[in-house]
There are 2 protein chains.
Amino acid sequence: MRDATLRDVALLAGVSARTVSNVVNGYARVSERTREKVERALLELNYRPNVLARNLARGRSGQIAVVVPYLDTPYFAELLQAIIPRAREHGYNVLIDQTDGDAAHERELISRGARAFLFDGMIFSPLGLAQEDLVEIDPDLPLVVLGERVSNGVFDHVGIDDVEASRAATAHLIGLGRRRIAAIGDQPYPTGEAAQLRTRGYRQAHADAGLPVDESLIIPTPRFNRADGSGAMRALLGREDPPDAVFCYSDLVALGALHTALELGRRVPEDVALIGYDDIEEGRYSNPTISTISPDKVAIAATAVERLLRRIGDDEPMPGIEVRAEHRLIPRESTVGKPFAARPHLGGT
Amino acid sequence: MRDATLRDVALLAGVSARTVSNVVNGYARVSERTREKVERALLELNYRPNVLARNLARGRSGQIAVVVPYLDTPYFAELLQAIIPRAREHGYNVLIDQTDGDAAHERELISRGARAFLFDGMIFSPLGLAQEDLVEIDPDLPLVVLGERVSNGVFDHVGIDDVEASRAATAHLIGLGRRRIAAIGDQPYPTGEAAQLRTRGYRQAHADAGLPVDESLIIPTPRFNRADGSGAMRALLGREDPPDAVFCYSDLVALGALHTALELGRRVPEDVALIGYDDIEEGRYSNPTISTISPDKVAIAATAVERLLRRIGDDEPMPGIEVRAEHRLIPRESTVGKPFAARPHLGGT
DNA sequence: CTGAAAGCGCTAACAC
DNA sequence: GTGTTAGCGCTTTCAG
C-alpha cells in the first residue's frame, strides 16, 4: 500500500492540506479541536512527510556536506563523529564525501553541489585546493573551512593556531634538552599551507631559543600518514648525525616514525624523542604513548556547525570570520618517558 | 541571479522542456541539430539540474544510507572509505549515520528513513539491534546487513565466516604451543551475536586440539575497543595463572591489551601472545605488530553496494541472500615475534 | 484560524 | 523526434 500523503490525512480529518501542514510543522496556531482531529488522522494513517517534496517546496535540501580528504584518517573520523550529532540536533543530515585530496573533485563539489540542491552548505577540509583556489568559490555557498587556511573574508574558517601550537611542540623538545630536532611533514608547495604553518612554528621555537635550524632535518612528506612518518624516520636514522628528537606534523606520522625507530633498535624517548599533532586515541595506546598537540575537536565541530547553519539561515551573504579553537600540549611517554621507570634524565642543560 | 531551470533552457533553445530533459538525461534519441541547439543553451545558461526536483519526480532520493555504530572505529572508517566511491560510481550519494549502538535510534532509522524518501536503501551494521529485531523491518526497504548476523531471508547479509575465522585464530595460537588461551570480547546476551560466533570458533579450536576450555579465561566486554582490551588484560595478568596467549575479538581490543601487557612489564609474544581481528592499519604499525584475521573489506564494500543497488532496482522484493566474503589469517610479531631477532622458540611441544 | 490554489523544477505518459 | 501537460507531495500566499 502506498504511503499516506498530506492530502490523505486532510481528507480523513476533514480539513485542508494547509491545516495539516500547520499541525505537522507547528506553524500558525491551530484550534484545539482541529489539532486533535488532525493528530488522530496522522496517527491512523501513520503519516510520514516526504522529505523530498518538503525540501523542494522549501527550496532547501536539509543536508549539509562534510568534505574531508580521507575518511580513514582518525583525526577526520573523530571530527565527523562530533559533527554529525551537532548537525542532527538542528535537523540536518550529513552527507559525507572524501576527496582523496583530488583538486578537481574538490573544485567540482564547491561549484556544483550546492547549486544542484544536494546540500545547503558545506564544511570543508581542503587538501588539494590551495588558498588561491578558494577565492573563486561561489560567494553564495555557505561554507566553513576547517584546518589551516585563513579566511579570505568570504567563508568562515575554524582551526587552531598552528604556528603557535607547533612552536610550543618544538619548544617542549628543546626544553627537554634536545638539540638536533627534526621535523617530519613539510610540504613546500602551494597546497601545503597547512604544513608550512607548522614549519614556521618549528623555526620560531628555534629562534626563540637561539638555536640554529639544520635545514636538512626538515623532511617533506606527501601526506601526513603512518607510511610517510615511517619512511622519513628511516632516512633520518640512517644518517651519521641523526636527530635526538622529532616534531611530527600529525600523530599518524609520529606513530609511523615510532614504529620504525623501534624497529631499528632505537629507544624512545631516550635515543630519540617524538611529538605528534592531533591527539588521536591511537596515540594514547601506543607503546610508548605519544606526546601531542591536542586541538579541541568538540569545539571545532560545534563551532563549524553553528557557523554554517547561521550562514545558511542568513539570506544576506555575511562576511567570513576567523575562529580560533583552543589547543594544548599533552606530554606523554614519547618525550618524557615512562612515569615510574628508573631511567637516566636527559633533560636540563 | 536565480539559477537557470529546465524551462529557461527550453525557452532559449526554442524547444520544449521534454526535449531538454531528453538531452540532459540521454534518453530517447534526439536529432543532431536539436541536440546541438540545446547543448549550446545548456552551456550558455550554465544549467544544473535541481536534484531535489528530479528525485521527487522520479520517486527516489538518489541516496543510500550507511549506518554504523561508531564512525571513529577504524574498521568502519576503512569500510566506509571503500563504500563511498562504489556508491558514487553508480550515481548515489552516501548519507552516513552513527547510532552509538542505540537500539531506538537504529529502529527509527530502519522504519522511518526510507519511507520519508531520505534514502533509497540502507547498508546497516547493527549493534544495538538483536537478530529478532531485524525481522520486523519493512520488507520493502532495500537493506543489506553487514557483520555477523545471518540473513533471515528478507534482507541480504554480507560478512565473513566468523566461526571459522575465530577457530583459525585460536588454532594459530595453539599451533604455536600456547595452552592457556584467553578470549577477550564475549558478549553473552541477545545483541552480542557477533561476539558469540567468535567464542564458538574459539571453543571449536580447543575441541579440535583436544584441549579443555578454562571458562574463566573468556572475558566479556561491553564493546570492542581499546579500553575494553586494556581493562580485560589488566584483570587477566593480575591472576595467579595468567594466560600465555589471548584471542582478541577486534584489533582495537588487541591494541588495548597490548598496551597494558607492555605497561605491566610482560613481553609480547614471549610471555603472552596476542591475535586480533579486522586487520586495521594501526595493527601494522604497533610495536609489536598485531597478528590478525583480515576480512576482505574491499570485497565486502563492493558486494554490499552491488547487492543493495540491485535490490533498489528491482520492484519485486527479492529474497535475501547470504554472501560470504573471504578472510585470511595474517601472522605478525604479536604471535610469531620479530623476524630477525634472536629469541627463544616457544613453539613445539 | 482555515481553505483554495499556485507553484517548487523535473519527469514521463500521451499525443502528434 | 518533439511538444503538451499532468503530476511528484509539500509549502505558503492570498482570501475569507
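Just so we're on the same page: letters track the sequence lines, and every chain starts at 1.
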Phosphate contact (D:dG3 OP1 or OP2) by B:Ser16 side-chain N/O below 4.0 Å: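 Answer is yes, contact under 4.0 Å.
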Phosphate OP1/OP2 of D:dG1 contacted by B:Thr19 side-chain N/O (<4.0 Å):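 For D:dG1, OP1/OP2 do not have a side-chain N/O of B:Thr19 under 4.0 Å.
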Degree of bending, the helix from C:dC1-D:dG16 to C:dC16-D:dG1 (end axes from five pairs; round to 10°):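 Axis-to-axis angle, ends of the helix: 30°.
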Test: A:Asp156 and A:Arg311 ion pair at under 4.0 Å: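 A:Arg311 and A:Asp156: salt-bridged.
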Contact letters for nucleotides 9-14 of chain C, in which S counts primed atoms plus P, OP1 and OP2 and B counts the base, heavy atoms under 4.0 Å: BBBBBB
Within 45 degrees of the axis of the six-membered ring of [Y] and under 6.0 Å from its centre: does [X] put its NZ or CZ there?
X: A:Arg60; Y: A:Tyr92; result: yes
X: B:Arg54; Y: A:Phe117; result: no
X: A:Arg115; Y: B:Tyr47; result: no

Pairs of donor and acceptor atoms involving the side chains of residues 36-45 of chain A, under 3.5 Å and at least two apart or interchain, shall be tabulated with distances.
none

Results of side-chain hydrogen bond (donor to acceptor under 3.5 Å, both in side chains) for B:Asp97 - residues two or more places apart only: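 B:Asp97 satisfies side-chain hydrogen bond (donor to acceptor under 3.5 Å, both in side chains) with A:Arg88, B:His105 once adjacent residues are dropped.
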Partner set under side-chain hydrogen bond (donor to acceptor under 3.5 Å, both in side chains) for B:Asp314, not counting sequence neighbours: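 Scan of B:Asp314 (side-chain hydrogen bond (donor to acceptor under 3.5 Å, both in side chains), adjacent residues dropped) gives none.
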Integer-rounded Å distance: C:dA4 P and A:Leu11 CG: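 Spelled out: CG on A:Leu11 to P on C:dA4 is 11 Å.
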Results of side-chain contact (heavy atoms from CB on, under 4.5 Å) for A:Ala299 - residues two or more places apart only: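 A:Asp296.
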